Each structure stands twice: as structure tokens, then as C-alpha cells.
Amino acid sequence: MFAALAVRNYRIYAAGALVSNVGTWMGRVAQDWVVLTELTDNSASALGIVTGLQFLPIVLLTPIAGAVSDAFPKRRVMMASQSLMGLFALIMGLWVLSGQMELWHMYVMALLSGTAAAFDAPARQAFVSEMVPPERLTNAVGLNSASFHSGRLIGPASAGLLIAWLGTGPTLLVNALTFAAVLVALLAMDVDLLAPPPDRTGQGRAKVREGVAYVRRRPDIILIMVIAFMHGTFGMNFQITNALMATEIYGKGVEEYGITGSVMAIGSLGGALLAARRDRPRWRLLLGSLAAFAVMTFFTATAPTFLLYTVLLVPTGLTALTVMVSANAMVQLSVDQAVRGRVMALYMAVFFGGTPLGSPLIGWIGEHWGARWTLLIGTIACGLTAVAATIYVMRHDNLRLRLRASWLRPLALERGTLTEPLPEKVI
């Protein structure tokens, strides 16, 4: 489960990332609470706009950022992006602390932070393959998710307590300080132990086109990206849905809102650790977890009490994380190293690409249809996606289901629904 931690560089990086992830989740809770309670009167639309602006640069800039991560050392790209993200977090905290923050200020800060994150994401995703050998890549991806959701386990609850004791401004400043942990980890690495990067010849625009052309030739990657888009756009809006459910449906305060994020992280952490144990995720795991996620969001949306809602967040987080880790690992393990940064940039753009549209839409739905529908829309979208993707996988020539029951195989072959084993593009 923890095999990648035997690699010195990855072990150092994971320690720094864990500290930063805790701070990031603290910052997200504090930012949302500022928008909901200090800058507006529980405006779901304003919260959706802030969230959308954070992810808009990922849609617009990530393909270019992927070319940058392939053209320059990923470690240096991350040092620059992490420094900027820490600086913007510091400015946001000082602005709130001064009492001069207005809603449009928060919009600007969200956009700037998202711009830095757009360059950080593809470099960070692809950098894993330089720290660990290929046989430990899936384990490292799973541990990255475990680290992220360990931060999600600790961060929201800690933010709830800090906001109640000290206020939102100091909580945002703590987030700014935690970015230093990643910078220290990157500086402490032994550069000589990193895998040699691929050849960096070619111009920026040509590199972007090469990445797009590579993905267009891979129907399996395209299908994963479609799943990631639907999951990210309509399913992964818990930053908004938890806030609305806690405040509007159950009448809770900031402490309970922070607890919802931490409780959900228990399931997410469990899913990440289980994913770290797998050598290579398969289609049946990705599609099955997506279907299970749709079922769990339905039960969560219809929970009659806050206690049942928080309990259901555990399996919801587990299934959501399994979808994310499986899709991420399947893409990383199936692409050439020379284009991995660009492909992961496109993947991140697709995964987060619907957020600038989806978050304001979810906010609008919350205001006009009610908070429960912010979850039910994810149930419908992800459920239909799971069904459609499964049918496509079963019918497409190069993406076949392998039916293991021996008594089914003769009939299946006779009807032409199975082929001989295919290389890596099968369940």
C-alpha cells in the first residue's frame, strides 16, 4: 500500500504535500464562509461564481500549461506556481483581515489563484512519473490522492474551529504559510535521482497540437475524459453542496459545515488507500465506481437528518475518489512519457473544465430548486454517463468486456460479442 514511500524523493514530496493539502482545505472552507456569511447573505450563486472563477483558467490555460511542463523541468514549474499560489493566499488573508474585502475582490483573487493552479496541475500530475519507477506509479497516484484527502480530513474541521475561535482572516493566513512545505520539499530533493525528462524539442503551439492529436487517436482516453468531465462538472461540487445542505436544509453553522468535509474525507481517504494497493485499474472498476457514486449521491440528497447525511458522505467520498484515482491512473499509465504532461494537462482541463459552467449552474439550482437538487443533478448526470459508457465499452471494437464465465464464452464468440484478448484496452 505504501511502496512508493520507499523512494526518497517521493517520500520528501509526499510529506510537504500533506502539510500543503491540509492548508488548502482550510483555505477553501474559510473562503467559502467569507463569501456566504461576510460578503453575501448565503448567496449560492456568488459561491458558485467564485468556485467557477477558480477553475476557469484551468479550461483556458491548462493545454498551454501542459506544453510548458513538457518544455521545462517540472520541478521548477511547480516551484514557480506554488510560490504564486502562496502569495495570492497571503494577499487574500490580509485583505479579509483588514476588513476591506468586497465580493468583486474575491472574484479577482479566485481568478488569480486559479491561473497559478492551471500551470501547477499538469506539472504536478506528470512529475510523479519522474519521482517513482513505472511499477510504482499507480501506487504513487493513489498515495497522492490519500494525501489530498488526508488534508481534506483534517483541514475542514480545523478550519471550522479556527474560524470560530479566530475568524476567517487568520485561517486564510495559515493556508498561505503551508505552501512553504511544498517549496521546502522540492528544494530538498535529489535532482540526480529523478527520471530523465523526454526530449524537449519543438515549439509551444506545435507541442499543444501534438498532445491533442495524440488524444484524438486514443478512443480509450477520450472515453475516460468524457467520464471525468461529467463526474467533475455535475458530481464533484461538494464545496457548494455541503455548504448549502448544512446551512439551508439542516440549519447548521460553520463547525458542522467543516465536519461534513472531514467526514467525507474519511471515505475518500479509504478509497485512495484501496486504489494504492492496485497494480493497474481496469474499466470495470472505473464504471462500477461511477455507478455506485450515482447511487450514493441519491441517498445523500434525500437524507432526512444531518446525522444520516454526514454518515452517507463516507461511502459517497469513497466512490467519488475511486472514480478520480482510477481515471487518473488509467490515463497516466497508458500514454507515452514524451507527451504525458500535455495529455495530463488536457485531462485536467476536461476534469475541471465544466466547473466554470457547473458551479454557477449548481448555485442557481440551489437557489431556485433547493439544496437537495444540487446533489440530485449529479445523481442523474453520473448515472446516465455510467450506463452510456458501459454500453459503449461493450459495443466498441477496441474496448471489449471480457466475460470470465466459461459457459458464456462459446455463445459470446458465436454472436461476435467477444474478440481475442486486446492489448490494455479491455476490461
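Please read all numbers here as calculations on a predicted model, not as lab measurements.
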Quiz item: Do Pro133 and Val7 have side chains that get closer than 4.5 Å, going by heavy atoms?
Solution: yes
Practice problem: Taking atom CZ of Phe298 as the centre, report whether more than 12 heavy atoms of other residues, nucleotides or ligands fall under 6.0 Å from it. | Solution: no
Practice problem: Walk me through it: do Tyr309 and Ile249 pass the test side-chain contact (heavy atoms from CB on, under 4.5 Å)? | Solution: CA-CA 11 Å; Tyr309 176 81; Ile249 301 299; over 6 Å; no
Quiz item: Can you name the nearest heavy-atom pair linking Gly93 to Leu172, along with the distance?
Solution: CA-CB, 3.6 Å
Self-check item: Among Asn175, Leu177, Val182, the one residue meeting side chain to side chain contact (heavy atoms under 4.5 Å, CB included) with Phe179
Solution: Asn175
Quiz item: Arg75 side chain to Leu186 main-chain N or O, any donor-acceptor pair under 3.5 Å?
Solution: yes
Exercise. For Thr319 and Ala292, work out which heavy atoms get closest and say how close.
Key: CG2-CB, 3.7 Å
Practice problem: Return yes when atom CZ of Phe299 has more than 12 non-hydrogen atoms of other residues, nucleotides or ligands closer than 6.0 Å, and no otherwise. | Solution: no
Quiz prompt | Non-hydrogen side-chain atoms of Thr24 and Thr178 separated by less than 4.5 Å | solution = no
Quiz item: Where do Met245 and Leu375 land on the side-chain contact (heavy atoms from CB on, under 4.5 Å) test, with the steps shown first?
Solution: CA-CA 9 Å; Met245 291 291 287; Leu375 285 164; 4.2 Å; yes
Quiz item: Does His231 reach the main-chain N or O of Ala228 with its side chain, forming a donor-acceptor pair under 3.5 Å?
Solution: no
Practice problem: Verify side-chain contact (heavy atoms from CB on, under 4.5 Å) between Tyr107 and Leu111, making sure each step is shown before the conclusion. | Solution: CA-CA 6 Å; Tyr107 290 162; Leu111 186 63; over 6 Å; no
Quiz item: Do any N or O atoms from the side chain of Ser20 and from the backbone of Gly16 form a donor-acceptor pair under 3.5 angstrom?
Solution: no
Exercise. Can you measure from CE (Met189) to CG (Leu194) and round to the nearest 0.5 angstrom?
Key: 6.5 Å
Quiz prompt | Tyr10 and Arg8: CA distance, side-chain angles, deciding distance, side-chain contact (heavy atoms from CB on, under 4.5 Å) verdict | solution = CA-CA 5 Å; Tyr10 181 78; Arg8 178 184 180 275; over 6 Å; no
Quiz item: How many angstroms lie between atom CG of Leu90 and atom CG of Leu94, to the nearest 0.5 angstrom?
Solution: 4.5 Å
Quiz item: Where do Pro219 and Tyr392 come nearest, in terms of heavy atoms and distance?
Solution: CB-OH, 4.1 Å
Exercise. Measure the spacing between CG of Asp190 and CE of Met131 and express it to the nearest 0.5 Å.
Key: 13.5 Å
Practice problem: Write out all pairs satisfying side chain to side chain donor-acceptor pair (under 3.5 Å) with one or both partners inside residues 373-385, taking only residues at least two apart or from two chains. | Solution: Thr297-Thr379
Exercise. Looking only at non-hydrogen atoms, find the nearest pair between Asn242 and Thr260 and report the distance.
Key: CB-OG1, 3.6 Å
Quiz item: What is the distance from atom CZ of Arg28 to atom CE of Met26, rounded to the nearest 0.5 Å?
Solution: 14.0 Å
Quiz prompt | Distance, nearest 0.5 Å, that separates CG of Leu290 from SG of Cys382 | solution = 5.5 Å
Exercise. Ignoring hydrogens and angles, tell me if any N or O in the side chain of Arg372 forms a donor-acceptor pair with the backbone of Ala301 under 3.5 Å.
Key: yes
Quiz item: Below 4.5 Å, heavy atoms only, C-beta onward: do Leu36 and Ser43 meet side chain to side chain?
Solution: no
Self-check item: Check: Trp283 and Thr390 side chains under 4.5 Å, non-hydrogen atoms
Solution: no
Quiz item: Around Arg76, counting heavy atoms of other residues, nucleotides and ligands shown, do more than 12 lie under 6.0 Å from its CZ?
Solution: no
Self-check item: Student check: side-chain heavy atoms of Leu183 and Ser83 closer than 4.5 Å
Solution: yes
Quiz item: Can you name the closest pair of heavy atoms from Ile12 and Ala188 and give their distance?
Solution: CD1-O, 4.0 Å
Quiz item: How far apart are the C-alpha atoms of Thr316 and Thr300, what are their side-chain angles, what is the distance that settles it, and do they pass the side chain to side chain donor-acceptor pair (under 3.5 Å) test?
Solution: CA-CA 8 Å; Thr316 302; Thr300 304; 3.0 Å; yes
Quiz item: Going from OG1 on Thr171 to CD on Gln31, what distance comes out if it is rounded to the nearest 0.5 angstrom?
Solution: 12.5 Å
Quiz item: Does Asp32 have any salt bridge (Lys or Arg N to Asp or Glu O under 4.0 Å) partners at least two apart in sequence or in another chain, and if so, which?
Solution: none
Exercise. Apply the side chain to side chain contact (heavy atoms under 4.5 Å, CB included) test between Leu286 and each candidate in Leu223, Thr322, Ile227; give the one that qualifies.
Key: Ile227
Quiz item: For the side chain of Asn21 and the backbone of Ala17, is there at least one donor-acceptor N/O pair under 3.5 Å apart?
Solution: yes
Self-check item: Aromatic ring pairing His105/Trp95, orientation class (parallel under 30°, perpendicular over 60°, tilted between)
Solution: parallel
Quiz item: Does Asp41 CG have over 12 foreign heavy atoms under 6.0 Å away?
Solution: no
Practice problem: Would you check if Glu38 and Met101 make a side-chain contact, meaning some heavy-atom pair closer than 4.5 Å? | Solution: no
Exercise. Using modelled atom types only, decide if a donor and an acceptor are shared between the side chain of Tyr347 and the backbone of Met225 within a distance under 3.5 Å.
Key: no
Quiz item: Within the distance-only criterion (no hydrogens, no angle test), does the side chain of Thr168 pair as donor or acceptor with the backbone N or O of Val34 below 3.5 angstrom?
Solution: no
Quiz item: Would you say the side-chain atoms of Gln54 and Ser113 include a donor-acceptor pair closer than 3.5 Å?
Solution: no
Practice problem: For Tyr13 and Ala185, work out which heavy atoms get closest and say how close. | Solution: CA-CB, 4.1 Å
